[in-house]
There are 2 protein chains.
Amino acid sequence: MVNYNDIAKLSKVSSTTVSHVINETRFVLPETKKRVKDAMKKLNYQPNLLARGLATGKTHTIGLVISDIRNPFYPELVQGVEELAVKNDYNIFLCNTDYDIEKGLKSIGALIRKKVDGIIITSSQADSLLMGELVNSKVPIVIVNWGRRNVKIDNICVDYKVGMKEAVKHLVSLEHKKIYFVSGPGALKTAKIRIDNFIEAIEKFNRLGLEYKVIEGNHKMDGGLKAVRKILKEKELPTAIICSNDLTAIGAMKGLRLAGIKVPEDVSVIGLDNIALTKIVSPMLTTIELERYKIGKTAMEFLLKRIKEKDLPRQTEILKTKLIVRESTSEAKK
Amino acid sequence: MVNYNDIAKLSKVSSTTVSHVINETRFVLPETKKRVKDAMKKLNYQPNLLARGLATGKTHTIGLVISDIRNPFYPELVQGVEELAVKNDYNIFLCNTDYDIEKGLKSIGALIRKKVDGIIITSSQADSLLMGELVNSKVPIVIVNWGRRNVKIDNICVDYKVGMKEAVKHLVSLEHKKIYFVSGPGALKTAKIRIDNFIEAIEKFNRLGLEYKVIEGNHKMDGGLKAVRKILKEKELPTAIICSNDLTAIGAMKGLRLAGIKVPEDVSVIGLDNIALTKIVSPMLTTIELERYKIGKTAMEFLLKRIKEKDLPRQTEILKTKLIVRESTSEAKK
DNA sequence: ATGAAAGCGCTAACAT
DNA sequence: ATGTTAGCGCTTTCAT
């Protein structure tokens, strides 16, 4: 491995000067500079960023912790982080927790010991355990919070309220009176919040005497399908179903189709997330949009600022959701 | 930051001994060992992996270069790599090239300078440029080769032949005589190979006088849709369309549906990749499977072996594809 | 059974 | 305008 000494010898300067030439950190005579640069070229010098990191305490590396890259939710978020990271010469350690606290802890430990300059945590398990480990490690952190607003840490969180309200309003304007909600897994904080927001939105209209019910799903397709099977047993079907995420909604649509029930003519369906799939299924799914790319990008922006300036006041942003009307909703069936 | 010296002082040994306790690299009296360990606990010691890496030349970090994480092809592959990596205490630098050679080069440069222990390249642009940079950097590399077998580097490559042959055979058995192929972007090596394999498969049956044609798409949905629009202008439609990837096939199905043409009754459609989507669309897509998780896993296995043993003979594996019949294919229309 | 000291490649305060 | 030198935190050879 060629290093400063090699360059220094070849260009007859000290290694200090080599350093200063490389980092442009003090004046060096043009001709000396040229000698050094020529030597670097000749030796095909590649800086050792580990050594640099050790000396400076900055690695230009960040960690990105997510639950599961196969969840169609994440790729765009990752993209948002990545683009901005690369633009600013950062590399990303990608860590999948696989929804496993142990694995998450292990990853975060490694990140800290590898001296990342910062960490973005988007895992739904942004748990007190993980947090504990992190907070006292003094590494800059940004958390993407699927839940309620966090205490002291930079965070960006998602507000489903607006979108959910729009969704209900949309249905009401189409004269729906009986609206069901298929939720995510009961244990998931995210899922609970979505339920709450649904109920809140519904109750805004309670002068209309809306009828509603919450059925548990699992945030996957089969959950939506099963939920519909359950619903089908009732004597009178709802005229609309809102689902806790798009996969669920797509499963629900499938269930309805299999039962010979038409979407949206007989039953309207609304999803949440606006994953790419929603535009592909038929009918195209009306859904509540969540700007995943922007979430990632904003998280990275926060992190960059935090890295530059350790004692900035807490940064926080609430990303609103909004309804995207497509083909899976229409007038309520009489 | 607490370091060996702090521990050494507190436990009244030399920092050498601390190192040996931590790495279990030579005998230390049980009682001394205990003192050291207690001190570590007390100080909540976290090793600095940069320093370790600098001293040992091993970072327990690898780079994974892909084209675009939003391409539904990649997440599973990444998962395959990640799981095995974490199991072996490696972290992953994820690099998106965004199909951009410049960005790819930049990333790879950074990986090398950050002293990764190895690199997996799955970018379709596994180009001579990138390769040049890499080969003489002596970093262990595994390339996932969408193309023809590579020369000297460990690689795993995908053989579409079998799957493509099965696909054509399947169609032939359903009495299709006019089969079109919607390809990927012309410039892409991968895409070319898929075309070749298609033609090769078709020509195996040329005693039957099959009619065929290749239409250029772009490996995205709209490409499939546009290709179908083009096809619709012909006087006599093909009875079957094979697509270079699943997104294209799904776009094609959409195009057909919009034109009032039924899949599979009027036209059969076959995709390639077997992404999750194929089971969600309706009709479910018949497709050629490519085991992406396994690709990732195998690549990581190769890399681990290569890291352990620099001068292993070249490792290589060819992953076969196979046809998965679902709902989008049926008897040819008379 | 343990320590001293040099070295990994780079930075930066202090000289000159 | 450039050099000397002491680190950064860890490993490892050579002593004892």
Side-chain angles (χ1 to χ4, degrees), chain A residues 1-37 39-40 43-61 89 109-110 112-117 137-139, chain B residues 1-37 39-40 43-61 89 109-110 112-117 137-139:
Chain A
M1 194 73 292
V2 21
N3 62 17
Y4 280 12
N5 281 327
D6 303 321
I7 303 174
K9 250 172 231 160
L10 187 58
S11 52
K12 312 210 184 286
V13 295
S14 72
S15 64
T16 304
T17 297
V18 174
S19 172
H20 286 301
V21 167
I22 286 175
N23 300 302
E24 306 195 307
T25 163
R26 82 178 179 195
F27 182 87
V28 178
L29 273 189
E31 72 168 57
T32 329
K33 198 186 258 179
K34 182 166 184 322
R35 281 209 321 277
V36 172
K37 289 202 160 167
M40 284 169 55
L43 299 171
N44 186 26
Y45 171 71
Q46 299 286 106
N48 181 326
L49 265 27
L50 285 186
R52 174 128 71 204
L54 182 58
T56 62
K58 293 263 150 257
T59 54
H60 266 252
T61 296
D89 288 312
I112 293 175
R113 292 191 276 274
K114 286 192 177 165
K115 300 293 163 190
V116 295
D117 292 342
S137 80
K138 291 293 165 207
V139 180
Chain B
M1 195 71 293
V2 19
N3 62 18
Y4 280 13
N5 281 327
D6 304 321
I7 303 173
K9 253 172 226 158
L10 187 58
S11 51
K12 314 212 183 282
V13 295
S14 72
S15 63
T16 305
T17 297
V18 174
S19 172
H20 286 301
V21 167
I22 285 175
N23 300 301
E24 305 193 307
T25 162
R26 82 176 179 196
F27 182 86
V28 179
L29 273 189
E31 72 168 59
T32 329
K33 196 186 258 178
K34 183 168 185 321
R35 282 208 321 277
V36 173
K37 290 203 159 165
M40 285 169 55
L43 299 172
N44 186 27
Y45 170 72
Q46 299 285 107
N48 181 327
L49 265 28
L50 285 186
R52 174 129 69 204
L54 182 58
T56 61
K58 294 262 149 256
T59 54
H60 265 253
T61 295
D89 289 312
I112 292 175
R113 293 192 274 275
K114 287 193 177 165
K115 300 293 163 189
V116 295
D117 291 342
S137 80
K138 291 292 164 205
V139 180

Query raised in the report: When we call it a touch if two heavy atoms are under 4.0 Å apart, what does V13(B) touch: a base, just sugar-phosphate, or nothing?
Result: sugar-phosphate
Requested in this report: Rounded off to whole Å, could you give me the CG-to-C1' distance for the L43(B) and dG9(D) pair?
Outcome: 15 Å
Query - Backbone of S11(A) reached by a side-chain donor or acceptor of R35(A) within 3.5 Å - result: yes
Report task. Identify whether any heavy atom of L29(A) sits under 4.0 Å from a base atom; if not, whether one sits that close to sugar-phosphate; answer base, sugar-phosphate or nothing. Result -> sugar-phosphate
Query raised in the report: Is there side-chain contact between R52(B) and N23(B), with heavy atoms separated by less than 4.5 Å?
Result: yes
Query raised in the report: Considering only dA1(D), dT12(D), dG3(D), which nucleotide approaches the side chain of S14(A) most closely?
Result: dG3(D)
**Report entry** Audit row: N44(A), V2(A), side-chain contact (heavy atoms from CB on, under 4.5 Å) steps and yes/no
**Finding:** CA-CA 8 Å; N44(A) 186 26; V2(A) 21; 6.0 Å; no
Query - Any N/O donor-acceptor pair, T16(A) side-chain to dT4(D) base, under 3.5 Å - result: yes
Query raised in the report: NZ of K115(B) versus C1' of dC10(D): gap in Å, rounded?
Result: 17 Å
Query raised in the report: Does a side-chain N or O from Y4(B) land closer than 4.0 Å to OP1 or OP2 of dT11(D), or not?
Result: yes
Requested in this report: Would you mind reading off the distance between L50(A) atom CG and dT11(D) atom C1', rounded to a whole angstrom?
Outcome: 14 Å
Query raised in the report: So what does T25(A) hit on the nucleic acid, given a heavy-atom distance under 4.0 Å: a base, only sugar-phosphate, or nothing?
Result: nothing
Report task. Take atom NZ of K114(A) and atom C1' of dC10(D), then tell me their distance rounded to the nearest Å. Result -> 15 Å
Report task. Using whole Å, report how far CZ of R113(B) lies from P of dG9(C). Result -> 16 Å
Requested in this report: Please lay out, stage by stage, how H20(B) and V36(B) fare under the test side-chain contact (heavy atoms from CB on, under 4.5 Å).
Outcome: CA-CA 10 Å; H20(B) 286 301; V36(B) 173; over 6 Å; no
Query - Nearest-angstrom distance from the residue atom CG of N3(A) to C1' of dA6(C) - result: 15 Å
Report task. With heavy atoms under 4.0 Å as the rule, sort T56(A) into base, sugar-phosphate or nothing. Result -> sugar-phosphate
Query - Test log, rule side-chain contact (heavy atoms from CB on, under 4.5 Å), inputs K114(B) and T61(A) - result: CA-CA 10 Å; K114(B) 287 193 177 165; T61(A) 296; 3.1 Å; yes
Report task. Would you mind reading off the distance between E24(A) atom CD and dA12(C) atom C1', rounded to a whole angstrom? Result -> 17 Å
Requested in this report: Between R26(B) and N48(B), name the one whose nearest nucleotide on DNA chain D is closer to the 5' end.
Outcome: N48(B)
Requested in this report: Quick one: label S19(B) by what it contacts on the DNA or RNA (base, sugar-phosphate, nothing), any heavy atom closer than 4.0 Å.
Outcome: base
Requested in this report: Mind checking T32(B) for me? I need base, sugar-phosphate or nothing, with any heavy atom below 4.0 Å counting as a touch.
Outcome: sugar-phosphate
Requested in this report: Determine: side-chain N/O of T17(B) to OP1/OP2 of dG3(C), distance under 4.0 Å, yes or no.
Outcome: yes
Query raised in the report: For N23(A) and dT11(C), what is the distance between atoms CG and P respectively, to the nearest whole Å?
Result: 5 Å
